[in-house]
Amino acid sequence: MRVDSTPASKRQRFITVDPMELESAKAKLAAAKEKFGREIRVFEISTASSTPSDVSSTVSEEPEGFYEFTPEDYYRLLATKKEDKHLKTKKLREAEQAARRARITKAVIRVRFPDNYTLEATFHPSETIQSLFDLLMKVIAHPELPFYIYTTPPKKQIKDVSQDFYSAGFIPGAIVYFSYDLPKGDDGAAASGPYLQEEVMSLQGLDSMIEMEPGEPSRDEPPKTNPPTSVPDQKPGDKKKIKPKWLKL
């Protein structure tokens with residue numbers, strides 16, 4: 001019985017990348033890395049995703065005790081920590097923590113802006129949050145205006161910039177939100193964006209182009225499978241009988 005090959009409609013399609021565009025993308029990313037001191041990428045999130053304003057409004061609707069520990073939470077957490085406290089010495093716990101910290105070599109931080117654009121940059125875990133502020137000062141459209149970043153939920157402004165990313169809990173990565181620190185109604189054109197400089201916005205999508213090798217198959221079609229070889233039909237009675245060597249007639 002022979003199985004038919006895969007229909008043409010199910011065969012792979014290939015995406016080709018213009019070599020000139022690929023080289024241009026690499027050059028722009030290399031120039032951005034040299035200018036801003038680290039590799040950055042820009043992408044746009046879906047409007048259906050939660051924006052900072054959406055998240056803030058959601059948080060405000062929750063009761064004040066929504067994020068507070070209940071007695072059940074406390075005893076459950078205490079039970080998990082009790083054994084470690086009695087069985088491990090302080091020196092051993094510090095050694096384990098140092099070993100875990102040494103294994104982590106990067107912190108990927110994403111900064112989301114109110115216009116649904118996200119800036120991604122990679123830092124070393126030992127760098128402080130001040131290095132993130134320094135980068136933002138280089139890439140935002142209005143560095144002369146005061147701004148702050150925060151995490152949510154619940155909404156918490158990041159004020160201690162002397163903390164390193166590991167101590168802040170931003171390992172192996174974190175999402176923070178950007179906002180100008182201006183009086184309400186006094187933000188003018190800055191509130192509507194764009195929040196990133198035009199040069200930075202032009203980096204959008206370049207990293208995806210570089211990651212895609214020329215001739216790489218698209219992911220929207222299943223991979224082509226080779227048809228199995230033809231196998232002749234075999235009837236049970238056709239099996240050849242072989243006499244054992246020990247049988248003598």
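Numbering starts at 1 and runs along the sequence shown.
The minimum heavy-atom distance between A141 and P194, with the atom names listed, is CB-O, 3.5 Å. Across every non-hydrogen atom of V161 and T128, the tightest pair is O-CB, 3.5 Å.
The shortest distance between side-chain heavy atoms of Y177 and T151 does not fall below 4.5 Å. I129 places none of its side-chain heavy atoms less than 4.5 Å from the side chain of D160. In this structure, I175 and R112 have side chains that are in contact, with non-hydrogen atoms separated by less than 4.5 Å. Put simply, the side chain of L182 reaches to within 4.5 Å of the side chain of P146, judged on heavy atoms. Between V176 and I158 there is a side-chain heavy-atom pair separated by less than 4.5 Å. In this structure, L119 and L136 have side chains that are in contact, with non-hydrogen atoms separated by less than 4.5 Å. Residues I104 and P125 are in side-chain contact: their nearest non-hydrogen atoms beyond the backbone lie under 4.5 Å apart.
When hydrophobic clusters are built by joining Ile, Leu, Val, Met, Phe, Trp and Tyr residues whose side-chain heavy atoms come closer than 4.5 Å, directly or via intermediates, Y117 is not grouped with V108.
Taking CG of L206 as the start and CD of E21 as the end, the distance is 10.0 Å to the nearest 0.5 Å. Of the inter-residue distances, the one linking L196 atom CG with D115 atom CG reads 7.0 Å to the nearest 0.5 angstrom. One finds the CG atom of L135 at 11.5 Å from the CD atom of Q130 (value rounded to the nearest 0.5 Å). Atom CD of Q197 and atom NZ of K138 lie 11.0 Å apart (nearest 0.5 Å). Rounded to the nearest 0.5 Å, atoms CZ (F43) and CZ (R110) are 3.5 Å apart. The line from CD1 of I109 to CG of L132 is 6.5 Å long, rounded to the nearest 0.5 Å.
Of the possible polar contacts, one joining the H124 side chain to the S126 backbone as a donor-acceptor pair under 3.5 Å is found.
In this structure, F178 and F113 have tilted ring planes: the angle between them lies in the 30° to 60° band. Classified by interplanar angle (parallel below 30°, tilted 30° to 60°, perpendicular above 60°), the ring pair F165/F123 is tilted.
Atom CD of E34 is surrounded by 12 or fewer heavy atoms from other residues, nucleotides or ligands within 6.0 Å. E39 CD: 12 or fewer foreign heavy atoms inside a 6.0 Å radius.
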Next item on the list: Quick one: do T118 and V111 satisfy side-chain contact (heavy atoms from CB on, under 4.5 Å)? Show the steps, please.
Entry: CA-CA 5 Å; T118 297; V111 184; 6.0 Å; no
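Annotation: cation-pi pair K156/Y150 absent, no NZ/CZ under 6.0 Å from the ring centroid and within 45° of its normal.
No option in F147, Y195, Y148 other than Y148 meets the side-chain contact (heavy atoms from CB on, under 4.5 Å) test with S179.
Side-chain N/O atoms of S167 and D164 include a donor and acceptor closer than 3.5 Å.
Between E120 and R38, no side-chain nitrogen of the basic residue sits less than 4.0 Å from a carboxylate oxygen of the acidic one, so the salt-bridge criterion is not met.
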